[in-house]
Amino acid sequence: MAQQAYVTETDKDGSGPESQSSRSRRLLGRLATGWRGDPRIWRRGLVVAVLALLLALVMVLHSRIPNAVGNLGSLIETFLPWLGLSIPVLLVLALVRKSATALIAVLVPAIVWLNMFGGLVTDKTGAGGDLTVATHNVNADNADPSGTARDVAASGADVVALEELKGAAVPTYEDALASTYKYHSVEGTVGLWSKYPLSGVRPVDIKLGWTRAMRATVTTPAGQVAVYVAHLPSVRVKLEAGFTARQRDKSANALGEAIAHEKLPRVVLLGDLNGTMNDRALNAVTAQMRSTQGAAGSGFGFSWPASFPMARIDQIMVKGVEPVSSWTLPETGSDHLPVAARVKVDTSS
């Protein structure tokens with residue numbers, strides 16, 4: 001009896017994992033059986049396969065999609081990374097249809113998406129740097145401007161740019177930031193606060209008729225940096241007109257021209273550009289500068305809308321300085337998230 005009990009106990013202990021493994025093998029076996037020897041696996045799922053290839057083409061040829069009708073190209077480019085959500089849906093459909101053709105086709109947009117955005121998923125943040133900058137569209141209707149200002153200052157940024165400053169709220173921001181930032185300047189609806197001296201402050205004409213961009217020289221311990229602050233015009237998605245962005249595009253070209261004529265070799269652009277790095281309408285700016293998020297961030301760094309960020313339209317871009325790290329800051333009273341970056345101004349070493 002003892003021997004029988006021993007054998008039974010041993011069998012019970014040893015068969016637990018084996019039983020679970022056996023169940024997994026049987027499940028996979030049933031799935032494989034449904035595919036093996038079925039000549040229709042190459043004929044089924046053709047619609048899914050076509051949709052997968054079309055998705056890949058949209059991602060590869062997004063810059064060829066015309067803007068003539070409702071700025072469709074720019075609209076797709078604004079949310080381009082989100083097209084990746086279609087891939088797992090297509091994969092499930094391919095499995096449900098038991099289609100080898102569809103499965104192979106789904107690999108194409110998956111590879112394209114990884115090639116385009118895989119680098120953004122990885123963590124590229126580094127250590128070091130000698131200047132921290134931040135930018136925030138504070139929202140003209142912000143109910144707590146002083147709290148928003150304190151939140152941004154708590155980031156430890158040496159230089160802070162604020163956009164969409166309401167005239168009546170400017171004194172509140174000035175008071176809240178005075179203890180942290182000795183130097184500041186406001187031009188129209190944008191402002192710059194700095195721990196280091198400012199000079200050469202002037203508005204930048206972005207063809208709006210009022211001031212929504214400025215330029216200043218910030219004299220940091222590592223050298224002088226030309227800092228631009230900009231709030232490009234908003235874009236709208238309208239049923240009858242599509243993605244309306246003509247004024248934004250015109251302002252982007254003017255901003256790009258101003259930066260191209262900058263005499264200082266080190267330039268930082270902070271602001272709400274109302275467009276992503278993928279949007280060809282911002283080429284006048286993006287072609288000559290680097291995104292700190294793309295170069296040294298972790299993830300996509302989406303900044304808008306704050307309640308459920310879907311796009312990074314708040315940008316920190318540089319040329320002549322080296323991005324070290326880039327991140328988004330916690331939500332404030334605005335409909336945008338603040339974004340910050342650490343850069344290396346002295347690149348001689």
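Residue numbers run from 1 in the order of the sequence given.
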For R202 and E187, run salt bridge (Lys or Arg N to Asp or Glu O under 4.0 Å): C-alpha distance rounded to whole Å, both residues' side-chain angles, the deciding distance at 0.1 Å, then the answer.
-> CA-CA 8 Å; R202 67 172 186 268; E187 297 285 343; over 6 Å; no
Evaluation steps, side chain to side chain contact (heavy atoms under 4.5 Å, CB included), between R312 and Q293 = CA-CA 9 Å; R312 185 180 177 88; Q293 185 68 25; 3.5 Å; yes
Rounded to the nearest 0.5 angstrom, the CG-OG1 distance for L337 and T328 is 6.0 Å
Of the non-hydrogen atoms in M59 and P109, which two are nearest, and what is the gap between them?
-> CE-O, 3.4 Å
Only counting residues at least two apart or in another chain, list the ones meeting ring-ring contact (aromatic ring centres under 6.0 Å, His included) with W82.
-> F302
Backbone of G129 reached by a side-chain donor or acceptor of R342 within 3.5 Å = yes
Treat each ILVMFWY residue as a node, draw an edge where side-chain heavy atoms are under 4.5 Å apart, and state whether L103 and I87 are in one component.
-> yes
Verdict with reasoning, V160 to Y173, per side chain to side chain contact (heavy atoms under 4.5 Å, CB included) | CA-CA 12 Å; V160 170; Y173 287 104; over 6 Å; no
Considering non-hydrogen atoms only, spot the tightest contact between K195 and T180 and give its length.
-> CG-O, 3.7 Å
With a 4.5 Å heavy-atom cut-off, do V50 and L54 have their side chains touching?
-> yes
Between the NE2 atom in H136 and the CG atom in D314, the distance rounded to the nearest 0.5 Å is 8.5 Å
Using a 4.5 Å cut-off on heavy atoms from C-beta on, say whether the side chain of L269 contacts that of L255.
-> yes
Is a side-chain N or O of R248 found less than 3.5 angstrom from the main chain of N274, in a donor-acceptor match?
-> yes
Shortest non-hydrogen separation from T220 to G223 and the atoms involved | OG1-O, 2.6 Å
Can D205 and K207 be counted as an ion pair, charged N to O under 4.0 angstrom?
-> yes
So, K124 side chain and S326 main chain: donor-acceptor pair closer than 3.5 Å or not?
-> no
Going from OG1 on T292 to CD on E322, what distance comes out if it is rounded to the nearest 0.5 angstrom?
-> 11.5 Å
For residues T332 and D151, is any side-chain donor paired with an opposing acceptor at under 3.5 Å?
-> no
Is any side-chain heavy atom of P81 less than 4.5 Å from a side-chain heavy atom of N278?
-> yes
Are any of the side-chain heavy atoms of T101 and I41 separated by less than 4.5 Å?
-> no
Are E262 and R215 ion-paired here, with the side-chain N under 4.0 Å from a carboxylate O?
-> yes
Are a donor atom and an acceptor atom from the side chains of T135 and E163 found within less than 3.5 Å of each other?
-> yes
Taking the side chain as C-beta and beyond, is there a heavy-atom pair between L192 and V227 under 4.5 Å?
-> yes
Considering all heavy atoms, the nearest S334-N139 contact | OG-CB, 3.5 Å
Between the side chain of Q315 and the main-chain N/O of G275, is any donor-acceptor distance below 3.5 Å?
-> yes
Flag side-chain contact, heavy atom, 4.5 Å: N253 against E257 | no
Enter the distance from S307:OG to D335:CG here, rounded to the nearest 0.5 Å.
-> 8.5 Å
Please lay out, stage by stage, how V343 and V324 fare under the test side chain to side chain contact (heavy atoms under 4.5 Å, CB included).
-> CA-CA 5 Å; V343 301; V324 174; 5.7 Å; no
Say you draw a straight line from NE2 of H62 to CD1 of I76; how long is it, rounded to the nearest 0.5 Å?
-> 10.0 Å
Any donor-acceptor pair under 3.5 Å linking the side chain of D130 with the backbone of V345?
-> yes
Are a donor atom and an acceptor atom from the side chains of E174 and H184 found within less than 3.5 Å of each other?
-> yes
Identify the two heavy atoms, one from V48 and one from A94, that lie closest to each other, and give their separation to 0.1 Å.
-> CG1-N, 4.3 Å
What's the verdict on side chain to side chain contact (heavy atoms under 4.5 Å, CB included) for V267 and V318, showing C-alpha distance, side-chain angles and the deciding distance?
-> CA-CA 6 Å; V267 184; V318 299; over 6 Å; no
Over all heavy atoms of both residues, which pair between H231 and I206 is shortest? Give the atoms and the distance, please.
-> O-CD1, 4.1 Å
Let me check something: any side-chain donor-acceptor pairs from residues 152-159 under 3.5 Å, sequence neighbours excluded? List them with distances.
from : atom 1 : to   : atom 2 : distance (Å)
S155 : OG     : V152 : O      : 2.6
S155 : OG     : A157 : N      : 3.3
D158 : OD2    : T132 : N      : 2.9

Any donor-acceptor pair under 3.5 Å linking the side chain of D279 with the backbone of E77?
-> no
Do I111 and L57 belong together in a cluster built from hydrophobic side chains that touch within less than 4.5 Å?
-> no
Does a sphere of radius 6.0 Å around CH2 in W304 hold more than 12 heavy atoms from other residues, nucleotides or ligands, not counting ones at 6.0 Å or beyond?
-> no
Backbone N/O of M317 and side chain of S291: donor-acceptor pair under 3.5 Å | no
T189 side chain vs E164 backbone, donor-acceptor pair below 3.5 Å | no
Sidechain-backbone polar pair: N142 side chain, V138 backbone, donor-acceptor under 3.5 Å = yes
L270 CG to L162 CG distance, which is reported to the nearest 0.5 Å = 10.0 Å
Joint hydrophobic cluster, L114 plus F300, side-chain heavy atoms closer than 4.5 Å = yes
Does one hydrophobic cluster hold both V47 and L55, with members joined at side-chain heavy-atom distances below 4.5 Å?
-> yes
Could you tell me whether the side chain of T78 reaches within less than 4.5 Å of the side chain of L80, counting heavy atoms only?
-> no
Shared ILVMFWY cluster between M214 and L208, side chains joined below 4.5 angstrom?
-> no
Within a strict 4.5 Å, meaning less than it, do heavy atoms of the V218 and L198 side chains meet?
-> yes
Under the side-chain hydrogen bond (donor to acceptor under 3.5 Å, both in side chains) test, residues paired with K319 that sit two or more places apart | Q288
